[in-house]
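Right, one structure below, let's go through it.
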Amino acid sequence: MCPLRTRHLEGPLIPDSWHSGEIAVLGLGRTGVAVSEWLAGRSLRVYASDTADRPDLREAADGLRQKAVVVELGGHDLERVAAAAAAVVSPGIPPDAPPLRAAREAGVEIIAELDLGSRALADVGQIVVTGTNGKTTTTALIAHLLTAAGHRAVAAGNIGRPLIAVAAETQRPDWVVVEASSFQLHDSPNLDPTIGVVTNLAADHLNRYPSVAAYYADKKLLFRNATEDSLWVLNGDDAAVQELAAGVTGRRQHWSLEQPADAWFERSTGQLRVSGDLLLARDRLPLLGDHNVANALAATLAAIATGMDPMLAASALATFRSPPHRLEPVRELNGVVWINDSKATNVSSTLAALRSMERPYVLIAGGRPKGEDFTLLVPALTKRCRTVLAYGEAAEALQRALSPALPAERAANLEEAVARSQSVAERGDAVLLSPACTSFDQFTSFEHRGEAFKALVEGL
């Protein structure tokens with residue numbers, strides 16, 4: 001039985017004003033489609049739009065039109081958005097995008113899909129995970145642990161499944177574990193986690209935020225509805241996380257890789273410990289890197305807080321496998337291990353991957369840069385990296401930042417980088433795709449990039 005508070009929705013799920021007008025759904029990826037279907041299923045009038053016009057979006061649009069949703073591809077009708085009763089925004093829409101500006105100037109209520117989904121699941125325990133890196137793995141770990149404990153636990157949010165899609169199901173989960181990006185938190189005024197987890201903080205998304213402080217400010221919105229019954233599971237080694245949570249109402253627990261805490265890694269013995277007791281030996285955790293030890297400790301604290309037995313948690317940790325595109329081994333060929341870490345879309349995430357490497361390696365990096373400083377990679381790279389293969393829009397900047405310290409070559413695209421890596425890597429090495437950039441110069445998502453990498457490697 002869960003010892004934590006029960007959450008209840010205050011006020012109507014769908015405000016009366018929404019029935020008197022049209023709801024604008026901005027963005028028609030998985031999130032926008034799920035929101036449109038949910039709203040239409042409740043007899044609300046929906047206008048859904050996207051600036052893109054691709055075959056997959058046309059197929060989704062056809063399905064929505066059959067449910068009486070008005071769909072526009074290739075642009076947004078700004079007058080229609082400004083006249084809407086409310087706007088529901090997908091996380092991929094930048095805050096300064098024209099439809100959001102139009103909505104704000106007209107005084108239209110703007111909420112994220114995450115907010116709507118959270119309200120629709122108000123009677124369900126919600127564990128919300130945010131931070132700069134490690135969110136997806138920690139979210140998947142918590143859901144895995146709770147499932148092992150016999151709960152119906154669902155992972156949703158930025159991990160890939162819209163939260164509102166969970167709310168649309170007939171059977172309610174016991175727990176929903178939500179990965180929340182800063183963009184989603186920005187427009188989620190009603191988000192009220194039973195348990196909140198902050199993995200770590202580092203500079204990110206500086207292509208969409210004017211400063212690191214502005215990015216951190218959105219992360220802090222995780223705490224906006226904190227009460228004395230809230231539980232916050234926090235990185236005890238990260239000063240920025242501690243500062244973010246300073247003065248926040250509620251209980252808190254910490255994990256650490258450096259010193260005793262509620263959960264910590266005793267490096268001298270190679271043991272993960274909880275409340276001073278042995279959880280499991282490090283070599284039983286089938287994940288690469290110290291950052292994944294931290295993710296496991298965070299997930300364990302969250303799961304134990306729901307009433308899970310620590311020994312059951314230990315057994316479940318030993319059976320967990322990393323989600324795709326996160327230090328995912330692809331194959332070993334001629335003594336070289338190929339690793340897909342396409343999810344590393346920023347410098348700090350790539351740094352975590354580099355620090356996990358225990359053999360010489362070739363790094364493939366590139367894509368669309370976020371305005372970060374690539375020289376921050378140099379200390380980690382000079383330990384074991386043979387060569388960097390840089391491709392995409394960031395290729396020149398990567399080569400310029402890294403080549404004074406180690407060999408850095410430019411490739412026209414990912415395919416050329418893979419081919420060149422095969423020539424450079426030696427038996428006993430690894431080839432690591434860890435881009436430190438977004439995928440959007442050549443791919444539609446980090447998943448698309450990772451699958452392309454895996455296909456290229458399998459074809460060698």
Side-chain angles (χ1 to χ4, degrees), residues 31 89-96 100 110-115 117-118 126-139 142 155-159 163 177-227 230-256 291 294-295 297-299 301-302 343-352 370-372 376 438:
T31 298
V89 60
S90 296
I93 306 293
D96 60 349
L100 285 178
I110 300 172
I111 64 167
E113 171 272 335
L114 190 72
D115 189 87
S118 175
Q126 296 182 17
I127 301 174
V128 179
V129 181
T130 196
T132 300
N133 298 309
K135 298 186 297 296
T136 300
T137 299
T138 302
T139 298
I142 296 171
N158 206 46
I159 197 170
L163 190 57
V177 190
V178 185
E179 178 186 347
S181 71
S182 57
F183 309 139
Q184 291 168 312
L185 291 172
H186 182 84
D187 293 308
S188 296
N190 298 291
L191 186 67
D192 181 19
T194 312
I195 302 172
V197 181
V198 186
T199 58
N200 49 64
L201 288 172
D204 197 11
H205 299 298
L206 297 183
N207 55 334
R208 279 181 57 169
Y209 284 99
S211 65
V212 174
Y215 167 58
Y216 286 5
D218 271 0
K219 289 295 190 187
K220 188 164 186 173
L221 294 175
L222 175 73
F223 308 119
R224 76 177 104 196
N225 292 312
T227 71
S230 302
L231 174 63
W232 309 112
V233 178
L234 307 170
N235 186 337
D237 298 328
D238 193 316
V241 171
Q242 295 302 310
E243 183 178 350
L244 195 79
V248 170
T249 303
R251 298 171 293 141
R252 59 192 68 198
Q253 293 187 339
H254 299 90
W255 77 89
S256 173
H291 63 293
N295 294 337
L297 292 171
L301 284 177
K343 182 62 170 68
T345 60
N346 56 50
V347 167
S348 60
S349 186
T350 294
L351 270 173
K370 289 182 170 180
E372 297 182 87
L376 296 174
T438 72

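Nothing here was measured: the structure is a model prediction, and the numbers come from that model.
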Applying salt bridge (Lys or Arg N to Asp or Glu O under 4.0 Å), name anything that partners K219, two or more places apart in sequence or on another chain.
none
Minimum heavy-atom distance [X]-[Y], with the two atoms named:
X    : Y    : value
V198 : G131 : CG1-CA, 4.4 Å
T132 : A202 : OG1-N, 2.9 Å
K220 : L244 : CE-O, 3.2 Å
V197 : A302 : CG2-CB, 4.4 Å
S230 : N225 : OG-O, 4.5 Å
L163 : G117 : CD2-C, 3.6 Å

So, N295 and T137: side-chain donor and acceptor under 3.5 Å apart, yes or no?
no
From [atom1] ([X]) to [atom2] ([Y]), nearest 0.5 Å:
X    : Y    : atom1 : atom2 : result
D187 : D218 : CG    : CG    : 8.0 Å
D192 : T227 : CG    : OG1   : 6.5 Å
L376 : N346 : CG    : CG    : 11.0 Å
T138 : I127 : OG1   : CD1   : 11.5 Å
L221 : Q184 : CG    : CD    : 12.5 Å

For [X] and [Y], indicate whether the former's side chain and the latter's backbone hold a donor-acceptor pair under 3.5 Å.
X    : Y    : answer
Q126 : S118 : yes
E372 : V347 : yes
T249 : A226 : no

pair [X]-[Y]: side-chain heavy atoms closer than 4.5 Å:
X    : Y    : value
L100 : D96  : no
N133 : H291 : no
D115 : P189 : yes

Suppose we screen for ring-ring contact (aromatic ring centres under 6.0 Å, His included). Which residues come up paired with Y215, at least two apart in sequence or across chains?
H205, Y209
All side chain to side chain contact (heavy atoms under 4.5 Å, CB included) counterparts of [X], not counting sequence neighbours:
X    : answer
R252 : W232, L234, A245, V248, H254
A344 : D341, S349, T350, S434, P435
A240 : L201, Y216, D238

Quick note, salt bridge (Lys or Arg N to Asp or Glu O under 4.0 Å) partners involving residues 195-207, not counting sequence neighbours, are D204-K370
